[in-house]
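Worksheet: one structure, shown below.
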Amino acid sequence: AKPFVKQKQWYQRRVRGLVPAPRGTGLVSAPIPKKLLAMSGFEDCYTCAIGQTATLGNFAKATFAAIAATYSYLTPDMWSPTVFTNSPYQEFTDYLAKPFVKQAKKEVKY
C-alpha cells in the first residue's frame, strides 16, 4: 500500500465514471450511489468504481465528488442565445445576381 502524499486525498474510493445510460435504463449502481444520484436528479446513469467500496462514508464522498464534477460541464440548456447574421452571399444576393459588365477605364487628367 502506498502512503498518502497529499493531505486532500482522504478517501481511497473513487467513482471513476458517471456514464449516461439509454432512456428507461434507470440507475445502475450500488445502493449508496443510487440514492445520491436519485436525490441529485439523475434518471438514467451507469457508474464505474475503483478501489474499496466497503467503507460507505468514503464511497458516498467519492460519489458526491463525481456528481459535483458533472456540474462543471456546459450543457446546451446553459448556452447563451446566439444571434445569427446573414452571410455576405445572402446579404448581397441581388448585387451578385446581376451579370458582370466590364466598364472602360476613364482617363485621368492631371
Side-chain angles (χ1 to χ4, degrees):
K2 292 170 54 176
F4 288 135
V5 178
K6 298 178 185 176
Q7 291 179 349
K8 291 185 178 181
Q9 193 174 4
W10 39 267
Y11 55 88
Q12 290 182 346
R13 171 75 179 109
R14 291 186 301 171
V15 175
R16 186 167 69 184
L18 298 176
V19 181
R23 189 173 290 148
T25 303
L27 299 173
V28 180
S29 75
I32 296 297
K34 188 178 284 190
K35 289 177 186 176
L36 288 171
L37 291 168
M39 285 191 285
S40 61
F42 285 86
E43 294 176 356
D44 303 309
C45 182
Y46 296 125
T47 60
C48 180
I50 301 172
Q52 298 174 355
T53 60
T55 51
L56 294 181
N58 292 345
F59 194 22
K61 289 176 186 175
T63 304
F64 184 79
I67 292 169
T70 62
Y71 286 102
S72 64
Y73 295 111
L74 186 64
T75 56
D77 59 336
M78 297 179 189
W79 293 350
S80 60
T82 306
V83 178
F84 295 105
T85 59
N86 289 337
S87 72
Y89 295 116
Q90 291 174 336
E91 191 173 342
F92 301 108
T93 305
D94 297 333
Y95 177 75
L96 293 172
K98 294 178 185 177
F100 180 73
V101 178
K102 239 182 185 179
Q103 295 179 355
K105 291 186 179 180
K106 295 182 181 179
E107 291 184 22
V108 180
K109 296 180 182 180
Y110 294 101

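Residue numbers count from 1 along this sequence.
Note: the hydrophobic cluster containing V28 also contains V19 (ILVMFWY, side chain heavy atoms under 4.5 Å, direct or indirect links).
Atom CG of residue L96 and atom CD of residue Q90 lie 11.5 Å apart, to the nearest 0.5 angstrom. Atom CD1 of I32 sits about 11.0 Å away from atom OG1 of T55, to the nearest 0.5 Å.
Residues I67 and S40 come closest through the heavy atom pair CD1-OG, 3.8 Å. For the pair R23 and D44, the tightest heavy-atom approach, listed with the atom from each and the gap, is CA-OD2, 3.4 Å. Looking at every heavy atom in both residues, C45 comes nearest to L18 through SG-CB, 3.9 Å. For the pair L36 and A60, the tightest heavy-atom approach, listed with the atom from each and the gap, is CD1-O, 3.6 Å.
Remark: the backbone N or O of K34 is paired with a side-chain donor or acceptor of S29 at under 3.5 angstrom.
Looking only at side-chain heavy atoms (C-beta outward), L37 and T47 come within less than 4.5 Å of each other. Counting only heavy atoms from C-beta outward, the side chains of P20 and F42 never approach each other to under 4.5 Å.
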